[in-house]
Chemist: 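Mind having a look at this structure? Questions to follow.
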Amino acid sequence: MGHVSDIDMTVKQLRELVAGPVLGPDDQGFEAEAVTFNTTVNARPALVVGALDRQDVAASVRFAAEQGLAVAVTSTGHGAVPGGMDGALVINTSRIREISVDPQARTVRIGAGNRWGEVVEACAPFGLMPPAGAAPGVGVVGYLLGGGLSPLGRVFGFAADHVRALEIVTADGTHRRVDAEQHEDLFWALRGGGGGLGVVTAVEVGLFPVSSLYGGTVFYPGEHAADLLRAFRDWNDGLPDAACGSLALQRLPDVPQLPEPLRGRFVVALRFAYPGDPAEGARLLAPMRATAEAIIDTVGELPLTAFGAIHNDPTEPMPVWDRGDLLPALPDGAIDALLSAAGPQAADAPTLVELRRLGGALARAPRQENALGVRDAAYTLFVVGAPGAPSGPGLFATMAPWTLGAGLPTMRGEAPVATTPEVAARLAKIKATWDPAGLLR
Ligand SMILES: Cc1cc2nc3c(=O)[nH]c(=O)nc-3n(C[C@H](O)[C@H](O)[C@H](O)COP(=O)(O)OP(=O)(O)OC[C@H]3O[C@@H](n4cnc5c(N)ncnc54)[C@H](O)[C@@H]3O)c2cc1C
């Protein structure tokens with residue numbers, strides 16, 4: 001492989017085997033099939049298959065094995081990493097779509113191509129909520145494979161803890177159902193252990209009854225960062241497991257999409273979510289509301305389908321540098337270090353520095369053990385900055401005495417995955433069993 005003429009031939013052969021589109025680098029629409037949310041990741045697949053169903057996936061995997069091509073998977077591109085798709089036969093699963101809710105069993109079956117926003121829309125009429133992440137545009141499968149941290153994580157636990165079954169095409173090209181009874185090793189590994197064990201075609205996930213959601217963001221002037229960080233830490237320590245908070249130091253762009261008072265400003269954004277009585281939610285939030293005067297306070301009763309308004313994550317692809325980490329605790333020294341790197345006096349700071357409180361159900365072992373190696377940290381730290389800017393790596397160097405040096409699989413950017421030697425060894429063994437030739441990236 002590797003010559004353009006070979007690729008043309010390969011594309012032609014695969015078109016005979018699958019129903020979905022097969023595109024080579026010279027074909028129109030090729031780039032759109034491997035689009036990445038972080039636009040600095042310039043994906044260069046050998047060829048791309050837009051799989052329509054599990055038969056297309058199985059045929060593509062078998063074909064790649066015969067041709068000696070590596071297989072990579074993409075759906076929304078939110079989790080694309082540099083080099084992840086380069087030179088590979090990329091299977092785009094975004095066309096494999098299916099959402100069926102079972103309100104009695106409180107489960108939902110979801111195709112590999114669906115995004116969380118669509119799943120929440122389908123479940124909300126039943127008063128049920130899946131363990132979705134902050135952004136409606138994130139894909140279901142990539143998020144679940146990496147554990148998945150919801151803005152309601154302290155209530156729900158990690159999303160992977162609620163996966164009941166997966167359907168997957170393994171490296172031998174066979175479609176299998178994986179659950180607590182069948183292929184237990186894969187069931188353990190696919191919930192939090194990341195990708196690379198097969199191409200998931202569908203998942204079944206447990207749902208939570210949520211009668212009412214109180215949530216949103218309180219934006220404060222950045223000058224109050226020191227008071228707010230300390231108040232946030234103390235407030236979190238007394239917060240019940242049913243409430244969730246995140247605090248972000250944000251350098252906002254001067255763009256018309258933002259409300260006028262926020263444009264071009266350094267702000268502290270407190271994100272709050274409470275799936276219960278709004279009056280109780282307001283009572284729990286009161287100490288943070290009293291810490292400083294807000295610029296804008298959007299926290300209120302939200303329809304479940306408006307869950308994206310808790311964090312207000314970006315919805316359009318952009319060039320970013322990002323990295324995540326975990327903190328066992330947030331002592332004064334860690335707060336001072338964070339302020340020196342990203343507080344009001346910092347000369348050059350990353351665009352977003354976010355602390356999310358963990359604990360609650362996130363810290364409890366799931367009913368069925370899974371591959372999420374570290375679940376007892378107190379906070380995740382996630383930082384987004386401009387590509388190449390020294391402030392992001394500089395912040396992690398400053399924070400090193402207080403961090404683990406590794407992040408949650410879905411929120412680590414360029415950092416290693418936080419795990420244990422036992423989990424890493426068990427995952428490596430399962431990979432060697434199911435993909436001995438290392439076909440799947
Ligand atoms: C704006 C934004 C907000 C986010 N918010 C959160 C959050 O609140 N909580 C959280 O935990 N994470 C969050 N994330 C991270 C997100 O969960 C990961 O980036 C995740 O990998 C995205 O999955 P995807 O399928 O959308 O992305 P893709 O880039 O399409 O896939 C990412 C990877 O997942 C694997 N994969 C995807 N589909 C399959 C499949 N069918 N079979 C096998 N492997 C597959 C592949 O390895 C692929 O490279 C956020 C990311 C962004 C950009």
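Small disclaimer: the values here were computed from a predicted structure and weren't measured. All values below come from the heavy atoms of this structure, side chains included, with hydrogens, waters and symmetry mates left out. Note that ligands are numbered from 1 as they come in the structure, with each ligand's atoms numbered from 1 the same way.
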Chemist: At less than 4.0 angstrom from any non-hydrogen atom of Val141, what atoms of ligand 1 do you find?
Modeler: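 Reading through ligand 1 atom by atom, the close ones are 38 (N), 39 (C), 40 (C), 41 (N).
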Chemist: For ligand 1, which atoms have a heavy atom of Gly79 less than 4.0 angstrom away?
Modeler: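 Near Gly79, the atoms of ligand 1 are 19 (O), 21 (O), 22 (C), 27 (O), 28 (P), 29 (O), 32 (C).
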Chemist: Residue-level breakdown please: for Met318 versus ligand 1, do any non-hydrogen atoms fall below 4.0 Å on the side chain, on the backbone, on both, or on neither?
Modeler: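 Neither; no heavy atom under 4.0 Å.
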Chemist: Any side-chain donor-acceptor pair under 3.5 Å between Thr217 and His311?
Modeler: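 Judged by distance alone, the side chains do not pair up.
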Chemist: With the threshold set at 4.0 Å, does a side-chain nitrogen-carboxylate oxygen contact exist between Arg109 and Glu98?
Modeler: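 So Arg109 pairs with Glu98 through a salt bridge.
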Chemist: Using a 4.0 Å cut-off to any heavy atom of Ala134, which atoms of ligand 1 qualify?
Modeler: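 Counting atoms of ligand 1 from 1, those under 4.0 Å from Ala134 are 7 (C), 8 (O).
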Chemist: Determine, considering heavy atoms only, which of Val90, Val200, Val140, Asn92 sits nearest to atom 42 (N) of ligand 1.
Modeler: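 Shortest heavy-atom distance from atom 42 (N) of ligand 1: Val200.
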Chemist: Hey, which atoms in ligand 1 end up nearer than 4.0 Å to a heavy atom of Ser75?
Modeler: 30 (O)
Chemist: Taking the ring of Tyr214 and the ring of Tyr274, is the distance between their centroids below 6.0 Å?
Modeler: no
Chemist: Which atoms of ligand 1 are found less than 4.0 Å from any heavy atom of Gly133?
Modeler: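 Counting from 1, the qualifying ligand atoms are 8 (O).
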Chemist: Please check if any side-chain donor atom of Thr170 sits under 3.5 Å from a side-chain acceptor atom of Arg176, or the reverse.
Modeler: yes
Chemist: Does one side chain, of Trp188 or Gln368, offer a donor that lies under 3.5 Å from an acceptor on the other?
Modeler: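 No - no donor-acceptor pair under 3.5 Å links their side chains.
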Chemist: Taking the side chain as every heavy atom from C-beta outward, state whether Asp161 and Arg375 have any atom pair closer than 4.5 Å.
Modeler: yes
Chemist: Mark up the atoms of ligand 1 that fall under 4.0 Å of a heavy atom belonging to Gly148, in ascending order.
Modeler: 11 (O)
Chemist: With no hydrogens and no angle check, just 3.5 Å: does a side-chain donor-acceptor pair link Arg271 and Ser246?
Modeler: yes
Chemist: Quick one: which of Val81, Leu149, Thr410, Ile310 has a heavy atom closest to atom 12 (N) of ligand 1?
Modeler: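 Answer by nearest heavy atom: Thr410.
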Chemist: Would Arg356 and Phe382 count as a cation-pi pair here, with the cationic atom under 6.0 angstrom from the ring centre and within 45° of the axis?
Modeler: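 Pair Arg356/Phe382 does not count as cation-pi.
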Chemist: Should the pair Arg154 and Phe156 be classed as cation-pi, given the thresholds of under 6.0 Å to the six-membered ring centre and 45° from the axis?
Modeler: no
Chemist: Specify side chain, backbone, both or neither for Asp313, according to which of its non-hydrogen atoms lie closer than 4.0 Å to ligand 1.
Modeler: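 The answer is the side chain.
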Chemist: Can you sort out which atoms of ligand 1 are near Ala135, meaning under 4.0 Å from one of its heavy atoms?
Modeler: 3 (C)
Chemist: Kindly identify the option in Leu408, Ile91, Val138, Leu190 whose heavy atom sits closest to atom 51 (C) of ligand 1.
Modeler: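 Checking each option, the heavy atom nearest atom 51 (C) of ligand 1 is found in Val138.
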Chemist: Check Tyr143 against ligand 1 and report side chain, backbone, both or neither, counting heavy atoms closer than 4.0 Å.
Modeler: both
Chemist: Show the atoms of ligand 1 that are less than 4.0 angstrom away from any heavy atom in Thr74.
Modeler: 30 (O)
Chemist: With a heavy-atom distance limit of 4.0 Å, tell me whether Leu145 approaches ligand 1 through its side chain, its backbone, both, or neither.
Modeler: side chain
Chemist: Taking the six-membered ring where the residue is Trp, are the ring centres of Phe208 and His162 under 6.0 Å apart?
Modeler: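 Distance test on ring centres: under 6.0 Å, yes.
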